[in-house]
There are 2 protein chains.
Amino acid sequence: MRGTSTKSGSRASLAEVADRAGVSISTVSRIVNGIVGRASAETVARVRQAVDELGYRPDRIGRAMRQRQSNVVALLAPNLANPAMSTIAASTEEALRRVGHVMVLCDTHDRADLQDEYLAAMAAQLVRSVIFLGAVASPALRAASEAGEVFLFVNRRNPHDERAPFVGIDNRGAGAAVAAHFLANGHAPLAVIHSDHSSSAVRDRTYGFIDVLTKAGIAPEMLMRLSAPGDDHLDIGYQAAAAIVAAPQRPRAVLCTSDLIAYGAHRLLTEAGLAVPDDVVLVGIDGNPINPWLAPWLSSVVIPYEDYGPVIVDSLERIWAGEDPGERLLPYAFG
Amino acid sequence: MRGTSTKSGSRASLAEVADRAGVSISTVSRIVNGIVGRASAETVARVRQAVDELGYRPDRIGRAMRQRQSNVVALLAPNLANPAMSTIAASTEEALRRVGHVMVLCDTHDRADLQDEYLAAMAAQLVRSVIFLGAVASPALRAASEAGEVFLFVNRRNPHDERAPFVGIDNRGAGAAVAAHFLANGHAPLAVIHSDHSSSAVRDRTYGFIDVLTKAGIAPEMLMRLSAPGDDHLDIGYQAAAAIVAAPQRPRAVLCTSDLIAYGAHRLLTEAGLAVPDDVVLVGIDGNPINPWLAPWLSSVVIPYEDYGPVIVDSLERIWAGEDPGERLLPYAFG
DNA sequence: CTGAAAGCGCTTACAG
DNA sequence: CTGAAAGCGCTTACAG
């Protein structure tokens with residue numbers, strides 16, 4: 001007997017449950033983990049009763065210690081202030097919880113050094129998997145990728161291996177859809193404002209847009225490509241839009257590779273006395289739910305970020321089963 | 001000797017470092033944990049070299065197992081889609097990381113059952129502390145509070161114990177400041193639109209506002225109190241603002257207890273043909289950074305959410321030291 | 001100044 | 001059908 005009294009206020013352990021049920025901890029462990037075929041019905045009932053009475057919950061640390069693996073999944077995100085990112089984070093957290101996992105959220109601020117620091121810290125936590133929501137190129141990510149470690153990439157592909165498991169949308173298709181829309185409406189001249197091209201998503205959106213226009217015979221001088229330095233999309237839009245106001249042939253319609261960029265462009269255009277969409281049509285990509293409330297002048301390619309969680313978890317489960325989940329492209333909606 | 005070869009690709013353990021340095025794991029453990037006064041300078045150097053060569057990082061699970069406590073802190077938040085919440089989450093995460101902790105983020109959706117589920121799950125992870133960002137009343141929170149467990153409450157106080165450690169602003173003062181501003185500008189009639197009053201923050205903002213006006217002799221019929229059911233602040237503002245349009249004596253200025261409520265009210269007022277701020281002045285509380293970009297018509301009490309992290313961590317460290325951090329009120333800015 | 005040993009809670013291969 | 005025992009990586013009280 002291991003001591004018949006239960007320390008009140010403290011969590012019950014396997015040993016205490018075993019004590020109360022009058023069986024060994026091995027038996028309790030098996031039953032708690034759903035392996036009931038190897039014990040008599042009576043034993044199972046006694047153990048379950050003891051579990052209920054003591055309010056037993058397995059200690060995840062003990063389990064992780066033994067299995068050399070925790071039930072924690074890390075999500076490395078570039079910027080939680082971006083509503084698209086926090087929506088993905090929330091939906092992923094919920095989907096993971098449903099399958100018994102816990103999500104740790106880390107903000108890399110799009111910095112390679114922070115990303116590497118987190119990657120090491122998460123390894124020390126024995127996290128089950130790491131999800132990169134907007135990965136940046138970094139030494140540790142490259143090294144781990146080359147060593148065959150499998151991560152899941154969301155929105156942006158692995159900068160060191162484009163074929164790594166991916167969840168996102170067909171970004172080229174989204175850019176192309178906006179181009180087709182502009183052509184169909186006879187808008188010209190045109191422009192695109194994009195953020196940094198180190199992101200595969202931004203690149204694909206930009207070139208999906210440009211390629212359609214080029215193939216349609218739009219002259220290069222009728223298509224402005226604009227950007228601005230920095231990470232702040234609002235500011236990028238604001239800075240880049242100055243070129244629209246100053247252009248000798250002012251663009252009639254502009255693709256912004258994110259809604260935040262569109263907000264920034266709108267502010268500058270408005271301050272310059274131009275009306276949106278009467279003087280300049282702005283189209284964003286994201287479909288921020290706040291748009292109907294605060295930016296009714298904006299149309300946007302709607303990405304179903306709130307649906308990412310289940311798809312992300314499904315991809316993770318394939319990875320855990322030793323499979324390659326490949327790329328999962330979710331449908332976007334426009335127009 | 002425990003085996004002289006290091007498994008490549010796998011993390012080095014204390015034993016491997018000890019092996020390489022030719023000392024015991026006790027000695028390595030002490031040195032790694034900064035207790036260097038109990039070893040010779042030469043030993044310390046040898047151990048540090050071995051640590052560097054093997055790239056040793058302590059296994060946090062092993063440590064948590066032994067100490068019955070992890071370096072994980074849980075943040076339970078009501079709604080990550082609210083930018084104020086994600087800003088606090090990001091700043092807390094960064095501040096915790098600086099002191100060697102890891103933050104786990106959980107979205108309770110303001111639901112008591114989910115809050116309790118997370119509370120139990122986090123206990124099973126041996127989390128060091130739980131931070132409630134917008135707590136709701138719930139059985140497990142009540143039980144834990146009554147049992148003397150110490151949590152940190154942010155924005156909203158512990159619904160079961162108002163004296164529990166708290167980080168936030170002087171919400172009564174914020175409401176009062178807006179009232180004083182309206183009085184100074186001669187605005188009348190007035191209104192307040194608030195969300196659910198189960199939150200101490202919302203209650204305090206509302207009554208801080210009302211009390212000042214009442215004391216100033218404003219007649220009750222000159223002060224509308226508006227709300228609407230549900231959790232969605234945008235929708236609450238939209239629904240509640242209908243009463244403003246319909247009022248026989250239309251309010252000239254309105255306090256909204258959150259910026260999101262103000263966005264909702266603005267939409268309805270605009271759709272009804274009223275101009276903000278020319279016909280109706282709206283004042284929010286939050287100071288969402290997006291306001292200058294998308295809601296230049298809104299003035300707002302600015303709460304320094306991005307500064308919450310360090311204050312939250314400071315309060316946690318006091319709790320860990322066995323002290324009572326009491327309440328920490330950060331400065332808000334208005335006008 | 002240093003190390004052997006116990007033990008945190010769990011899972012699991014093995015023995016019966 | 002059930003249990004004793006090993007061991008995951010670490011910290012720490014204790015012995016020398």
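Worth saying up front: this structure is predicted, and the values here are computed from it rather than measured. Numbered from 1 within each chain, the chains take letters A, B, ... in sequence-line order.
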Euclidean distance, atom CE of residue Met65(A) to atom P of dC8(C) [Å, nearest integer]: 12 Å

Pairs where residues 124-153 of chain A contributes a residue and the test salt bridge (charged side-chain N to carboxylate O under 4.0 Å, His left out) is met, not counting sequence neighbours: Arg142(A)-Glu146(A)

Sugar-phosphate only, base, or nothing, as touched by Ser13(A) at under 4.0 Å among non-hydrogen atoms: sugar-phosphate

side-chain contact (heavy atoms from CB on, under 4.5 Å) partners for Asn158(B), two or more places apart: Leu141(B), Ser145(B), Phe153(B), His160(B), Asp161(B), Ala164(B)

Nearest-angstrom distance from the residue atom CG of Leu14(B) to P of dT12(D): 12 Å

side-chain contact (heavy atoms from CB on, under 4.5 Å) against Leu330(B), all qualifying residues, sequence neighbours excluded: Val167(B), Pro304(B), Asp307(B), Tyr308(B), Val311(B)

Which protein N or O atoms sit under 3.5 Å from an N or O of nucleotides 1-3 of chain D?
unit_1, atom_1, unit_2, atom_2, d
dT2(D), OP1, Ser40(A), OG, 3.4
dT2(D), OP1, Thr43(A), OG1, 2.6
dT2(D), OP2, Ser40(A), N, 2.8
dT2(D), OP2, Thr43(A), OG1, 3.3
dT2(D), O4, Arg38(A), NH2, 3.1
dG3(D), OP2, Ser24(A), N, 2.9
dG3(D), OP2, Ser24(A), OG, 3.2
dG3(D), OP2, Thr27(A), OG1, 2.9
dG3(D), N7, Arg30(A), NH2, 2.9
dG3(D), O6, Arg30(A), NH1, 3.0

Side-chain N,O (Tyr56(A)) to OP1/OP2 (dC10(C)) below 4.0 Å: yes

Under the 3.5 Å Watson-Crick or G-U criterion, the dot-bracket string of DNA chain C, with | for inter-strand pairs: |||.||||||||.|||

For His109(B) against Asp231(B), the heavy-atom pair lying closest together: O-OD2, 4.5 Å

Non-neighbouring partners of Met65(B) that pass side-chain contact (heavy atoms from CB on, under 4.5 Å), sequence neighbours left out: Ile61(A), Met65(A), Arg68(B)

Minimum side-chain heavy-atom gap Thr43(B)-Ser40(B) below 4.5 Å: yes

Using atom types as modelled, flag every donor-acceptor pair under 3.5 Å from a side chain in residues 96-103 of chain A to any protein atom, sequence neighbours excluded.
unit_1, atom_1, unit_2, atom_2, d
Arg97(A), NE, Tyr118(B), OH, 2.4
Arg97(A), NH1, Glu117(B), OE2, 3.4
Arg98(A), NH2, Glu94(A), OE2, 2.8
His101(A), ND1, Asn71(A), O, 3.1

Atom pair distance, as rounded to whole Å: CZ in Arg68(A) and P in dT12(C): 14 Å

Spacing of Glu16(B) atom CD relative to dC8(D) atom C1', expressed in whole Å: 13 Å

Whole-Å gap separating C1' (dC8(C)) and CD1 (Ile61(B)): 13 Å

Counterpart residues, ring-ring contact (aromatic ring centres under 6.0 Å, His included), relative to Tyr56(B) (two or more places apart): none

side-chain contact (heavy atoms from CB on, under 4.5 Å) involving Ala112(B) - partner list, sequence neighbours excluded: Val136(B), Ser138(B)

For atom CD of Gln125(B) and atom P of dC10(C), their distance in whole Å: 13 Å

d(CG, Asn33(B); C1', dT12(D)) in whole Å: 11 Å

Between dG9(C) (P) and Gln69(B) (CD): distance, integer Å: 14 Å

